There are 2 protein chains.
Amino acid sequence: MTVGGDTVTEVVRLSWKDVRDRVHGRVLDGTYAPGDRLPRDEDLAEEFGCARSTVQRAMQDLSLSGIVERRRKGGTRVRRDPVTRATLDIPITRNEVENRGAVYGYRLIGLTTEAVPPPVTAKFEMAGSEEMLRVRALHLADGHPFVFEDRWVSLRTVPEILEIDLAAQSANEWLVRNKPYTRCDLRFYAMNADAETAAILETGEGAALMVIERTTWIGLDPITSVKAVTAPGYEILTRS
Amino acid sequence: MTVGGDTVTEVVRLSWKDVRDRVHGRVLDGTYAPGDRLPRDEDLAEEFGCARSTVQRAMQDLSLSGIVERRRKGGTRVRRDPVTRATLDIPITRNEVENRGAVYGYRLIGLTTEAVPPPVTAKFEMAGSEEMLRVRALHLADGHPFVFEDRWVSLRTVPEILEIDLAAQSANEWLVRNKPYTRCDLRFYAMNADAETAAILETGEGAALMVIERTTWIGLDPITSVKAVTAPGYEILTRS
DNA sequence: AAAATTAATATGTAGCTACATAAAATTGTC
DNA sequence: GACAATTTTATGTAGCTACATATTAATTTT
């Protein structure tokens, strides 16, 4: 490009993502080795010819994804023991089924009001026990069992749940649409199907099943705790 | 506070986290219902008495955590189908064992060079097959089997692996410390222990085991793909 | 020498401006 | 009226400044 006789080099403006990737590249190629301290943001900014705020955004992102650690005054250093950090999305079960191109089905199995047993009070981190709504239901994909959920819903926090026809609409959908939470604990493990679960999921006793337990709160108040037992072959994938 | 006879109200400066929490609160209490369009950043900024950049940071965070969706010109709206979004940390197995207060142990079971079978080329998204290093090893906690890993390492991408004494140091540790990746795919599922796996993990045949498969790349080049079969009782928890 | 205080410093955050970009809404053309 | 071109608009990003905050390092006090 030429303006008034002078050659004007195109000014390439670095985005914070460019800075992030270039710094990440240096971690990848060993320029900055695990445990090493990186130059301060200001120096990197000068080197890259951008503002410190741009470097700051880049480094924060690297810090979030577990590549580096940052401490005020301590500076930034490459994490010595990198962790694999992944983001998981757990959709509403209906959407999960429909995204697979299957027809969603739902069957209410049991609806009772019971005193919460100790394993569940423990999940809620509650001091004592109380009466909650227990909803047992089956989600189906193309008519086949997909997920069996055994759920407890706090009647103190969510009394409106009693107004809902849980034979027509799953508690999963109603809660997730109407009761956003501020805290969510997840737990994944494998279990062998017991006789009852095997019967419900139409599989053999002893089959290896993946279980997803999810407990949610709004503030300090418990909303719900579900044990979702998935049918054989279920798998969880990290997104992108 | 009084200065020179005038009452001076303390100016409370809102942080972007405050803005985020207040907007989130409105989603929680239904002021903004699922599907609703929120005021534009500028209006929220005026309402809260802060800069648009502060609102922008807040809204971006809400967008990242799956509460709202933002689109240029389209504005911001509350997600109609909220997903449970969680962040998972998968540490180096040694650290995982030691963080539980157990003594870490490691045993190399097999080390061969083999042509990669189709299921693994599929994970790597490779066109054809090639020779890779296959490492089978057992991680122990207090002398008991903890995780059995069956790993493939690309000799094209990571030829240095041949220099490492994999009887002394696990490929898991060496790779994670020396070969940062740019892409990582994770897959979790449950399987019944077959005879060989049961023997290695010292459990019964048919036991329900959680499997974590992880495949990593640097750029487009495959680094490694592991199938980590965990001992009975293993569970994955989301952090914080 | 140990403890408490102070200073120095790197990151964290808020405010402002200017401009980029994507998508919707409008206008113009055939 | 359908399609293309243009304008409008809300979010996205970069740069700058100023100040906050957490830690470490240095200094002073006991």
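If you're wondering where the values come from, they're calculated on a predicted model, not measured in any experiment. Below, read A as the first sequence line, B as the second, and so on, with proteins coming before strands; counting in each chain starts at 1. All values below come from the heavy atoms of this structure, side chains included, with hydrogens, waters and symmetry mates left out.
- Regarding contacts with the backbone of D/dG12, a side-chain N or O of B/Q56 is found under 4.0 angstrom from either OP1 or OP2.
- Across all strands, B/R37 comes closer than 4.0 Å only to sugar-phosphate atoms, never to a base (heavy-atom distances).
- Residue-level contact check: B/R71 touches the backbone only, with heavy atoms under 4.0 Å from sugar-phosphate atoms and none from bases.
- Centroid-to-centroid, the aromatic rings of A/F146 and A/Y104 stay 6.0 Å apart or farther.
- Contacts of B/R57 with the nucleic acid, taken as non-hydrogen atoms under 4.0 Å apart, include base atoms.
- Atom-to-atom, NZ of B/K17 to C1' of C/dG12 comes out at 9 Å; the value is rounded to the nearest Å.
- Applying the 4.0 Å criterion to OP1 and OP2 of C/dT11, one finds that A/Q60 has every side-chain N and O outside that range.
- Across all strands, B/G75 comes closer than 4.0 Å only to sugar-phosphate atoms, never to a base (heavy-atom distances).
- Taking the six-membered ring for Trp and thresholds of 30 and 60 degrees, B/H139 and B/Y106 have ring planes inclined between 30 and 60 degrees apart.
- Take the nearest nucleotide of DNA chain D for B/D41 and for B/S53: the residue whose nucleotide is more 5' is B/D41.
- Surrounding CD of A/E42 are at most 12 heavy atoms belonging to other residues, nucleotides or ligands under 6.0 Å away.
- At a cut-off of 3.5 angstrom, the base of D/dT21 holds at least one donor-acceptor pair with the side chain of A/R72.
- More than 12 heavy atoms of other residues, nucleotides or ligands lie within 6.0 Å of CD in B/E235, so this atom counts as buried by the packing criterion.
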